[in-house]
Structures are given as C-alpha cells and as structure tokens.
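Residue numbers run from 1 in the order of the sequence given. What you see is a predicted model, and the numbers here were worked out from it, not measured in a lab.
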Amino acid sequence: MHRSSILAVISFISLLASSAPLCRADELADKGREIFKKNQRAVVTVQVVVKMKFSVPGMGGQANESKQDVTGTVVDTSGLTVLALSSCEPGDMIQNMMAGLSDEETKFKMETELSDVKLLLDDGTELPADIVLRDKDLDLAFVRPVTKPASPMTALDLSKASTAQVLDQVITLNRLGKAAGRAYAASVERISAVVQKPRLFYIPGSEMTSTALGSPAFSLDGNVLGVFVMRSVSQKGGGMGMFNFRPQGLTTIILPAADILKAAKQAPEAKAEEKKEEPKAPKETK
C-alpha cells in the first residue's frame with residue numbers, strides 16, 4: 001500500500017475517533033432538551049419571607065427579615081409542591097454546621113419563621129400558599145396553594161421513577177433568580193456515589209452547575225430520579241474539615257422519588273381562608 005494511502009486511512013480512523021464523543025454529546029443534549037421541554041413547568045419559584053433570629057449566650061442576638069426565592073418541584077396537579085426544608089428554614093442545618101466550633105456554654109442558636117409564601121408561575125401569576133408538611137429527617141417541605149389553581153398545574157409523576165448507578169449522567173432542572181428573569185435552566189450532573197444505608201440516596205458530583213436545592217433530577221430515560229435536598233447529621237467535635245473547609249456533617253444529596261411520594265401522600269390540604277360569619281338574625285319571641 002502506498003504511503004499516501006496509509007496516511008489517508010489513518011486520517012479517516014482519526015476522524016471517526018474524534019467525532020464519536022461529539023455524537024454522544026449531541027445524543028445527551030437531545031435527551032436533555034426533551035426532558036427539559038416536557039417537565040420545565042413543573043419547576044416553580046417559591047417566594048417566602050423569612051425572619052431569622054440567632055444568638056449566642058452571653059453575647060446577645062440579632063434578628064433580620066428577608067424575602068427569598070427558592071426552587072420547588074410540583075408533584076401534584078393541584079399545586080402541591082416539594083422543596084428542600086433547609087432552603088427556607090436553615091436553622092437546623094446551620095446549627096449542625098456550627099457544631100464543634102463552640103462549647104456547650106456558648107452554643108449557637110438559630111430560629112426561623114416563615115410568612116407570605118407564594119408560588120411564582122412563569123405567566124406572572126402569584127399563588128398564595130401554605131407550608132402544609134415538614135419532614136426534618138428528609139429535609140422536605142410541602143407547599144400547597146391556599147386556593148385551587150385556575151387550571152391543573154404541570155406536575156411530575158413520582159410513581160414513574162428511575163434508579164441510577166455510580167457515574168451515571170442525570171439531567172436537572174431549575175428556575176434561575178430574579179437577575180436572570182427567573183428563566184428555566186437545565187444542567188447535566190453525574191452521580192459520584194450511591195449510598196444504601198441508612199436509606200437509599202445519591203451523591204451528585206461537585207461540579208459547579210445551576211442546580212439548586214429543590215431541583216428535580218431525571219435519568220436519561222426521561223423518568224424522575226429524585227429531588228436535591230441537604231442531608232445533615234449532628235456530631236460533636238465535627239465542624240469544618242481541616243483542609244477542605246467543608247462542614248463534615250452536611251452534604252447535598254438526591255433523595256429518591258419513592259421517598260418523596262410517600263411523604264407527599266401525608267400532606268394535608270391547605271388551610272382555607274377564614275370567612276367572616278354573617279350576623280345571625282335575632283330569634284323571634286312569642
């Protein structure tokens with residue numbers, strides 16, 4: 001075979017090899033866009049007013065109030081929405097993070113109080129809502145509109161769920177902040193670990209993406225995998241790692257859809273708005 005022919009064959013093989021990752025990337029993007037298009041409106045911004053009080057014995061305390069946007073995932077067409085409890089009531093999470101950094105006599109304390117909860121839809125609609133269920137163990141909070149939405153909301157079907165293995169890629173959806181027009185966003189995450197005990201959950205990779213707590217994750221088959229929450233464990237003498245400066249008792253996880261579905265079934269209806277009673281007519285006397 002002539003030298004020129006050999007070089008031509010080598011060039012062709014190299015071209016095929018270099019184009020293979022591009023094809024896989026295009027396939028991933030296509031699947032991701034399909035998931036995004038189908039499920040994006042099941043992701044909503046939940047706006048809350050948070051009042052925080054924190055104190056250290058002997059050093060006084062402070063209080064402040066702020067309006068915050070957090071990400072929620074609609075799990076029922078009635079508007080029932082799940083979010084990470086730590087994203088709106090971070091008291092327990094922060095106290096666990098501070099564990100080990102102070103002794104018992106100067107233990108840091110923090111309290112949070114929520115008010116004026118609203119679901120912000122992409123058409124500008126603001127739905128007043130109540131937090132109807134909290135699960136501190138799972139870091140879940142369920143929010144339900146006070147009044148029934150004018151039309152059924154787009155919701156995830158948690159009964160059609162997938163599982164994942166280490167290094168699997170997953171698609172995550174989110175609503176960005178006000179500065180980005182609260183636009184819908186999608187990211188590609190990779191599972192770095194699968195934890196089996198004390199319960200099943202997934203550890204996402206540490207790459208920086210737009211994924212926020214409360215964001216749903218999907219396997220590439222289009223079914224939901226779970227929702228991003230924070231796992232927190234109490235420990236004495238924990239605090240920060242010596243070299244990585246990360247709290248040793250905290251980690252972001254993907255909680256499986258089955259656990260969320262089980263908790264959602266326990267969520268009560270929202271409290272109906274109180275109606276003023278009309279004055280009763282006096283009884284006639286004989």
Side-chain angles (χ1 to χ4, degrees), residues 32 34-48 68-89 114 117-123 125-127 129-136 138-145 149 151-164 170-177 182-189 191 201-202 204 209-231 252-267 270:
E34 184 178 345
I35 292 170
F36 177 79
K37 184 177 180 180
K38 179 181 178 182
N39 300 284
Q40 59 180 329
R41 284 181 173 78
V43 183
V44 296
T45 297
V46 182
Q47 188 177 82
V48 297
Q68 299 181 12
D69 288 356
V70 297
T71 298
T73 299
V74 183
V75 295
D76 188 87
T77 56
S78 66
L80 182 65
T81 300
V82 65
L83 52 130
L85 180 61
S86 58
S87 66
C88 58
E89 292 186 351
L114 297 185
V117 181
K118 296 177 182 177
L119 302 183
L120 307 185
L121 308 186
D122 60 356
D123 62 358
T125 301
E126 296 184 359
L127 295 179
D130 286 332
I131 292 185
V132 295
L133 181 67
R134 293 172 172 83
D135 190 323
K136 292 184 179 181
L138 298 180
D139 191 35
L140 297 178
F142 288 89
V143 174
R144 194 187 290 277
S151 58
M153 295 180 62
T154 302
L156 300 188
D157 186 354
L158 297 178
S159 65
K160 295 181 179 179
S162 288
T163 57
V170 296
I171 305 297
T172 65
L173 305 184
N174 188 30
R175 289 290 296 275
L176 301 181
R182 297 195 175 101
Y184 294 104
S187 299
V188 178
E189 301 270 2
I191 303 299
F201 56 84
Y202 306 97
T209 69
S210 65
T211 306
L213 293 178
S215 296
F218 301 83
S219 61
L220 298 184
D221 63 8
N223 291 327
V224 63
L225 176 66
V227 170
F228 281 73
V229 298
M230 188 70 72
R231 177 167 168 77
T252 302
I253 69 170
I254 301 174
L255 187 68
D259 289 340
I260 300 167
L261 178 60
K262 184 177 179 180
K265 291 179 179 179
Q266 302 174 36

Around atom CD of E34, are there more than 12 heavy atoms of other residues, nucleotides or ligands at under 6.0 Å?
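Not buried by this count: 12 neighbours or fewer within 6.0 Å.
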Roughly how far, to the nearest 0.5 Å, is CG of L119 from CD of Q47?
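The CG atom of L119 is 10.5 Å from CD of Q47, to the nearest 0.5 Å.
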Can you measure from CG (L158) to NZ (K265) and round to the nearest 0.5 angstrom?
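Here the interatomic distance stands at 10.0 Å.
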Let me see the working for R231 and D139 under side chain to side chain contact (heavy atoms under 4.5 Å, CB included), right down to the final yes or no.
CA-CA 7 Å; R231 177 167 168 77; D139 191 35; over 6 Å; no
Can you list the residues that meet the side chain to side chain contact (heavy atoms under 4.5 Å, CB included) rule with P149, with sequence neighbours excluded?
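Side chain to side chain contact (heavy atoms under 4.5 Å, CB included) check on P149 returns L127, P145, M153.
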With a 3.5 Å distance limit and no angle check, can you tell me whether N174 reaches the backbone of L176 through a side-chain donor-acceptor pair?
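No.
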N/O donor-acceptor pair under 3.5 Å between S162 side chain and L225 backbone:
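Flag not set: sc S162 to bb L225 has no pair under 3.5 Å.
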Going through the checks in order, is the side chain to side chain contact (heavy atoms under 4.5 Å, CB included) test met by C88 and L114?
CA-CA 8 Å; C88 58; L114 297 185; 3.9 Å; yes
Check: S187/S210 side-chain N/O donor and acceptor closer than 3.5 Å
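There is such a pair between these side chains.
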Is the terminal nitrogen or CZ of R175 (NZ for Lys, CZ for Arg) located under 6.0 angstrom from the six-membered ring centre of Y184 and within 45° of that ring's axis?
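Yes, a cation-pi geometry.
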Quick one, L255 with V227, criterion side chain to side chain contact (heavy atoms under 4.5 Å, CB included). Give me CA distance, side-chain angles, the key distance, then yes/no.
CA-CA 5 Å; L255 187 68; V227 170; 5.6 Å; no
If you take all heavy atoms of S87 and V70, which pair is closest and at what distance?
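That would be O-CG1, 3.4 Å.
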Would you mind telling me which of L120, L121, D122, V143 makes a side-chain contact (heavy atoms from CB on, under 4.5 Å) with V44?
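Testing V44 for a side-chain contact (heavy atoms from CB on, under 4.5 Å) against L120, L121, D122, V143 leaves exactly one candidate, L121.
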When you look at D135 and L85, which way does the side chain to side chain contact (heavy atoms under 4.5 Å, CB included) test go after all the steps?
CA-CA 8 Å; D135 190 323; L85 180 61; over 6 Å; no
Please name all residues satisfying side-chain hydrogen bond (donor to acceptor under 3.5 Å, both in side chains) with T154, sequence neighbours left out, ordered by chain then number.
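For T154 there are no side-chain hydrogen bond (donor to acceptor under 3.5 Å, both in side chains) partners, ignoring immediate neighbours.
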